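Everything numeric here is computed off the predicted structure, so don't read it as measured data.
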Amino acid sequence: MSSTERTDVLVVGSGFGGAIAAYHLAAGGAKVVVLERGPWLTGKDFDQDFKLGSSYTRAFDFVVGDGMSILGGNCVGGGSVVYFAAMPRAPRFVFERHGSIGRRMWPAAISRDTLEPWYDRVAESIPIYQQGWNDVSYAGGLWAAACDHAGRTANPVPVAVDPTQCVNCNWMMAGCRFDAKKSLLFTYLPAALSHGAEIRPLHEVQHISRTDDGGYRVHYQVVDDEDYRLTTGEGTIDAKIIVLAAGAGATPVILQRSEPHLGAMPHGVGRYFSGNGERLNTAILNEDKVRDVLGLERGNGLAYEANQIGRGPVVANWDRLDGSLPEFERFSLEQLYFPPGLGTILAQVPGAEGVSWFGVDKKEVLKRWRSWLIIFQMIEDNNEGVFGPPPARGNADRLSQQMLGVGRLRYDPTPQTLRAWALADAECKDILERDGLAEVAAWTNDVVGAYTVHPLSSCRIGDDPATSALDDRHEVRGHPGIFVTDGSAVPGALTVNPAMTISALAERAIPGIVAAARERGVEVTYGAPAPNGGVAARKAAAPLIPELMRR
């Protein structure tokens, strides 16, 4: 007799891709176990502090690669707990992108039109609030005024935040103490638990092997609650279906490490990584010009200084999200508050000669921290990232008790990506430097390379087996029963915050996963309502389901 633990479905990761899969499969009657590498934190655990051991370091994973660093979630709820809750839908032209392969990257079955019903299902499941101008923070309003002054438009960003609960503390990146951010801790995950799913924090999956009955065995280690470099145990769980949702920086590493046990992986595993084209610019505002040029004043003689309190991204400029423009010339610019620490290190001194992320000039600029405005740009990058051989354990070699590690990602920007960044940088300067309003400089790439908080595409879906690790239903090519539903499945940069699109794709993947599970003897059905019981959004998606379930 075997004492190995068994389940129907094993989900790796509890962010958007994992939570959505866990809910639907558990609600459909499957036995579901979710293994999450990070801790299980709730409102009372979210500290408004940057010190080691606070929620800020416990709930994040910062992995430094060669040319690209990734900042992601590391907790139950994944990125939904530590993101800024921006939930726009991807523009239509994104789905027609060719990128580096010279032909349409996305599967023929997926377009903005065919994904729209799945966007709607997400919107029915996660409360999304369309901010108005009365909701916008002062920093966001200043960005909007600067855009208007430069002849550009500005748009309040839709967010998964309850404005009646938000106190504008601006500690969203460390989790929300006031439960205003409607993360997965309030939507899909409790719904999954109510249907019998188990969520096990501090369980880091290392690799997958096969079982004699055609299923899979997941090998994990239990991570110490305080020092993530240490482990306190290990184990295995057998499952008929595996759903990988560990994030675009970890899912390909798990598959790479599984290759000796499962056989050859598709060429696309660990390739075509995209940082969503992200880059940050810092504007050092001239307080007098804020008053004289924009006509803004906060009272008590202040124009802008010291007003860093508010929500995360509240206002975006979407003028360049124009499908008539050539590829690599489309991007968004989003006002963003970034907390002290990494931001104060990587920001360069506007107008300085040579490297200026440290030194005397930088020291002077830091004295004007309260006059900073940070602009987040998302361009169309060229999927340049490639993962090297995996580390001995996890997705990185841990350097500190929490948060920091060195990974195996190599990212060498192509001329298309560099030009796209330059165009977005120039747009930032044109908007914010008019009439002496501010001085603008992009953050340095000299310290940690490029950087992303929205890693994508390292196991992307597609129709071409040569350039995609997954088919259009998110199943790993050549490995039936293993699915990927996190950001690594997204084919390329989206030019906007990706959480809504990752979630929509995960919703769309569920019917195919259910069909595969039924083939493997799991008694599971598809058709659960939204976690809150809503069913209105099911109607538009219903005609698409039979084709997705056809094996």
Student: Any carboxylate oxygen within less than 4.0 angstrom of a Lys/Arg side-chain nitrogen, looking at E439 and K429?
Tutor: no

Student: Can a donor-acceptor pair be found between the side chains of Y272 and S458 at a distance below 3.5 Å?
Tutor: no

Student: To the nearest 0.5 Å, what is the distance between OG1 on T42 and CG on L185?
Tutor: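 It is 8.0 Å, given to the nearest 0.5 Å.
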
Student: Quick check with a 6.0 Å cut-off and a 45 degree axis cone: is R508 positioned over the face of W118's six-membered ring?
Tutor: no

Student: What distance do S80 atom OG and K182 atom NZ have between them, rounded to the nearest 0.5 Å?
Tutor: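 The NZ atom of K182 is 12.0 Å from OG of S80, to the nearest 0.5 Å.
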
Student: When you compare the side chain of M68 with that of F273, does any pair of heavy atoms fall below 4.5 Å?
Tutor: yes

Student: With the side chain counted from C-beta on, respond yes when V12 and I254 share a heavy-atom pair under 4.5 Å apart, and no when they do not.
Tutor: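 Result yes, sub-4.5 Å side-chain heavy-atom pair found.
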
Student: Under the salt bridge (Lys or Arg N to Asp or Glu O under 4.0 Å) rule, collect the residues that match up with E380, sequence neighbours excluded.
Tutor: R97, R330

Student: Hey, does H24 have a side-chain heavy atom less than 4.5 Å from the side chain of E507?
Tutor: yes

Student: Sub-3.5 Å donor-acceptor pair from the side chain of R368 to the main-chain atoms of L285, do we have one?
Tutor: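 Side chain of R368 to backbone of L285: a pair is present.
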
Student: Take R37 and N395, measure what side-chain hydrogen bond (donor to acceptor under 3.5 Å, both in side chains) needs, and give me the verdict at the end.
Tutor: CA-CA 11 Å; R37 178 185 59 189; N395 65 319; 2.8 Å; yes

Student: Is there side-chain contact between D162 and K181, with at least one heavy-atom pair below 4.5 Å?
Tutor: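 Side-chain contact under 4.5 Å: no.
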
Student: Below 4.5 Å, heavy atoms only, C-beta onward: do Y451 and L346 meet side chain to side chain?
Tutor: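 Counting from C-beta outward, Y451 and L346 do come under 4.5 Å.
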
Student: With the side chain counted from C-beta on, respond yes when P350 and I284 share a heavy-atom pair under 4.5 Å apart, and no when they do not.
Tutor: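 Yes, their side chains come closer than 4.5 Å.
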
Student: Quick one: pull up CG in D381 and CG in L418 and give me the separation to the nearest 0.5 Å.
Tutor: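 Going from CG on D381 over to CG on L418, the span is 10.5 Å.
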
Student: Under 3.5 Å, is there a donor-acceptor pair between the side chain of S503 and the main chain of V122?
Tutor: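 Checking the backbone N and O of V122 against the side chain of S503, no donor-acceptor pair under 3.5 Å is found.
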
Student: Using every non-hydrogen atom in the two residues, find where P156 and W318 come nearest and quote the distance to one decimal.
Tutor: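 Closest approach of P156 to W318: O-CH2, 4.3 Å.
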
Student: Rounded to the nearest 0.5 Å, what's the gap from CG on N382 to OG1 on T417? Could you check?
Tutor: 5.0 Å

Student: Measure across L184 and G15 and return the closest heavy-atom pair with its distance rounded to 0.1 Å.
Tutor: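 Scanning both residues completely, I find the closest heavy atoms to be CD1-C, 3.2 Å.
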
Student: List the steps and the verdict of side chain to side chain contact (heavy atoms under 4.5 Å, CB included) for C166 and V161.
Tutor: CA-CA 7 Å; C166 181; V161 173; 4.1 Å; yes

Student: For D486 and S488: C-alpha separation, side-chain torsions, deciding distance, then whether side-chain hydrogen bond (donor to acceptor under 3.5 Å, both in side chains) applies.
Tutor: CA-CA 5 Å; D486 57 20; S488 59; 2.3 Å; yes

Student: Do V314 and D135 come close enough that some side-chain heavy atom pair is under 4.5 Å?
Tutor: no

Student: Answer yes if the side chains of N276 and S274 hold a donor-acceptor pair under 3.5 Å, and no otherwise.
Tutor: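 There is no such pair (donor and acceptor under 3.5 Å, judged by atom type) between the side chains of N276 and S274.
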
Student: Can you tell me how far OG1 of T153 sits from CG of D148, rounded to the nearest 0.5 angstrom?
Tutor: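 One gets 9.5 Å once the value is rounded to the nearest 0.5 Å.
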
Student: So, S371 versus E287: side-chain donor-acceptor pair below 3.5 Å or not?
Tutor: yes

Student: Among side-chain atoms of T501 and Y119, is any donor-acceptor pair under 3.5 angstrom?
Tutor: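 Checked: T501/Y119 side chains pair up, N/O donor to acceptor below 3.5 Å.
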
Student: So, for A420 and F328, which heavy atoms are closest and what is the spacing to 0.1 Å?
Tutor: CB-O, 3.3 Å

Student: Tell me the closest heavy-atom pair linking L189 and A19, and the distance in Å.
Tutor: CD2-CB, 3.5 Å

Student: Can you tell me which residue pairs pass the salt bridge (Lys or Arg N to Asp or Glu O under 4.0 Å) test with a partner in residues 42-55, sequence neighbours excluded?
Tutor: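 Not a single pair qualifies under salt bridge (Lys or Arg N to Asp or Glu O under 4.0 Å).
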
Student: My understanding is that only residues two or more places apart in sequence, or in another chain, count here; which of them pass ring pair (Phe, Tyr, Trp, His ring centres under 6.0 Å) with F95?
Tutor: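 If we apply the ring pair (Phe, Tyr, Trp, His ring centres under 6.0 Å) test to F95, skipping adjacent residues, the hits are W106.
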
Student: Measuring from atom CH2 of W443 to atom CZ of F376, what distance do you get when rounded to the nearest 0.5 angstrom?
Tutor: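 One gets 9.5 Å once the value is rounded to the nearest 0.5 Å.
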
Student: T414 and Q416: side-chain donor and acceptor closer than 3.5 Å?
Tutor: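 Note: T414 and Q416 side chains meet the donor-acceptor criterion.
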
Student: Return yes if some donor-acceptor pair links the side-chain N/O of S457 with the main-chain N/O of R460 below 3.5 Å, else return no.
Tutor: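 No, S457 side chain to R460 backbone: no donor-acceptor pair under 3.5 Å.
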
Student: The test is side-chain hydrogen bond (donor to acceptor under 3.5 Å, both in side chains); show your working for N74 and Q402 and say whether it passes.
Tutor: CA-CA 10 Å; N74 181 60; Q402 297 162 9; over 6 Å; no

Student: Which heavy-atom pair separates P88 from M500 by the least distance, and what is that distance?
Tutor: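 So the minimum-distance heavy-atom pair works out to O-CB, 3.2 Å.
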
Student: Do R104 side-chain atoms and P107 backbone N/O form a donor-acceptor pair below 3.5 Å?
Tutor: yes

Student: Taking atom types as modelled and ignoring hydrogens, do the side chains of Q377 and D425 form a donor-acceptor contact shorter than 3.5 angstrom?
Tutor: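 The criterion, which ignores hydrogens and geometry beyond distance, is satisfied for D425 and Q377.
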
Student: May I ask you to check whether Y83 and F16 place their ring centres under 6.0 Å from each other?
Tutor: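 Yes, the ring centres sit under 6.0 Å apart.
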
Student: Over all heavy atoms of both residues, which pair between V484 and A489 is shortest? Give the atoms and the distance, please.
Tutor: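 Heavy-atom minimum between the residues: O-CB, 3.9 Å.
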
Student: Step by step, work out the side-chain hydrogen bond (donor to acceptor under 3.5 Å, both in side chains) result for E278 and H454.
Tutor: CA-CA 8 Å; E278 293 171 0; H454 298 133; 2.5 Å; yes

Student: Evaluate the side-chain proximity of W171 to F46: yes if any heavy-atom separation is below 4.5 Å, no if none is.
Tutor: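 With C-beta onward as the side chain, the pair stays apart.
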
